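Okay, so here's the structure we're looking at.
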Amino acid sequence: MSETSETSVVIVYHSGYGHTESIANTVAKGVQSVEGVKVTMIKADDQDKDWDVLAAADAIVFGSPTYMGSVSGQFKMFMDESSKVWFTQGWKDKVAAGFTVSSSQSGDKLNTLTQLQIFAGQHSMIWVPLGMLPGNNSSTASIEDLNRLGAATGLMAQANADEGPDVAPQSTDHRTAEKFGANVAASAKRWASAA
Ligand SMILES: Cc1cc2nc3c(=O)[nH]c(=O)nc-3n(C[C@H](O)[C@H](O)[C@H](O)COP(=O)(O)O)c2cc1C
């Protein structure tokens with residue numbers, strides 16, 4: 001769908017206190033590690049966001065903190081704004097993926113990822129999951145394992161409630177986020193070349 005031969009991945013995210021933004025930046029780093037793929041960041045609550053960039057994307061990655069067991073209100077506003085695109089199915093066949101950050105180990109983050117996946121389905125997008133086995137789930141495992149929170153549908157990260165985005169989420173989640181970004185970029189590239 002890109003006009004150039006480069007595959008375009010857009011990350012649309014909301015972050016109230018910077019933790020989701022720090023993970024978004026690391027996902028972007030992973031995307032950029034794949035040759036021939038470029039990344040653009042869009043803040044979901046930016047009133048002047050460029051919908052044309054989204055229209056031209058090969059893949060869109062959605063990121064929201066988990067607030068009250070759901071996507072944030074600001075991210076939901078973006079979802080509802082996108083109904084204008086839904087009417088024309090403008091994002092049909094684009095690759096989609098999602099991530100969320102919350103302070104509890106669970107924190108009901110799966111509900112947020114499920115919301116993002118259903119949202120992508122409404123837009124007839126192709127959902128790419130996390131693409132990693134669960135870590136940190138055996139007697140010899142540790143929180144240093146990739147995917148320490150054991151997600152499958154998308155990327156989960158956890159940020160201690162009393163720590164700023166300079167230290168939370170911890171490095172394991174950033175390593176997982178970088179690999180996730182690379183996975184999504186590789187899928188987007190494959191899908192774009194097949195189109
Ligand atoms: C309004 C609000 C609701 C929250 N609800 C949850 C929740 O349901 N589960 C949870 O684990 N953390 C919850 N948190 C904590 C945030 O998910 C956590 O602080 C996260 O790192 C915030 O991301 P951000 O810095 O990108 O805004 C909530 C925080 C706020 C401000």
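Treat the numbers as computed from the prediction; the structure is a model and nothing was measured. Both counts, for ligands and for their atoms, begin at 1 and track the order of listing.
- The shortest contact between atom 16 (C) of ligand 1 and any protein heavy atom is with Thr66 O, 3.8 Å.
- Put simply, part of Gly18 is less than 4.0 Å from ligand 1, judged by heavy atoms.
- Remark: minimum distance from atom 25 (O) of ligand 1 to any protein heavy atom is reached at His19 ND1, 2.7 Å.
- Ring geometry for Trp51 against Trp91 counts as parallel: the plane angle stays under 30°, on a 0 to 90° scale with 60° as the upper cut.
- Under 4.0 Å is where a charged nitrogen must lie from a carboxylate oxygen, and between Lys189 and Glu35 no such pair does.
- Annotation: atom 5 (N) of ligand 1 to nearest protein heavy atom, Met68 N, 2.8 Å.
- Looking only at distances, a side-chain donor or acceptor of Gln89 sits under 3.5 Å from a matching main-chain atom of Gln122.
- For a threshold of 3.5 Å applied to N or O pairs, the pair formed by Glu21 and ligand 1 contains no separation below that value.
- Per-residue contacts place Ala159 under 4.0 angstrom from the following atoms of ligand 1 (heavy atoms of the residue considered): 21 (O).
- Between Ser106 and ligand 1, not a single N/O pair is under 3.5 Å apart.
- Atom CG in Asp173 sits 10.0 Å away from atom CG in Leu146 (nearest 0.5 Å).
- Between Gly107 and ligand 1, an N or O atom pair is found at a separation short of 3.5 Å.
- Of the protein's heavy atoms, Ser103 OG, 3.2 Å lies nearest to atom 12 (N) of ligand 1.
- Under a 3.5 Å cut-off, the side chain of Asp145 and the backbone N or O of Pro134 do not form any donor-acceptor pair.
- In this structure, the side chains of Met41 and Asn25 come closer than 4.5 Å at one or more pairs of heavy atoms.
- Heavy-atom distances between Asp108 and ligand 1 stay at or above 4.0 Å for every pair.
- No donor-acceptor pair under 3.5 Å is formed between the side chain of Ser102 and the backbone N or O of Lys109.
- Atom OG of Ser22 is separated from atom OH of Tyr13 by 10.0 Å, given to the nearest 0.5 angstrom.
- Annotation: Tyr17 places an N or O atom under 3.5 Å from an N or O atom of ligand 1; distance criterion only.
- Numbered from 1 in the order shown, with element, the atoms of ligand 1 that lie under 4.0 Å from a heavy atom of Gly16 read 24 (P), 26 (O), 27 (O).
- Protein heavy atom closest to atom 29 (C) of ligand 1, with residue, atom name and distance, is Tyr67 CD2, 3.6 Å.
- Looking at Gly69 next to ligand 1, an N or O pair under 3.5 Å apart turns up.
- A heavy-atom distance below 4.5 Å is found between the side chains of Leu155 and Thr176.
- Heavy-atom contacts of Thr20 reach the following atoms of ligand 1: 23 (O), 24 (P), 26 (O) (cutoff under 4.0 Å).
- Proximity of Ser102 to ligand 1, defined as any heavy-atom pair under 4.0 Å, is shared by backbone and side chain alike.
- Ser82 contributes atom OG, which lies 7.0 Å from atom CZ of Phe62 (distance to the nearest 0.5 angstrom).
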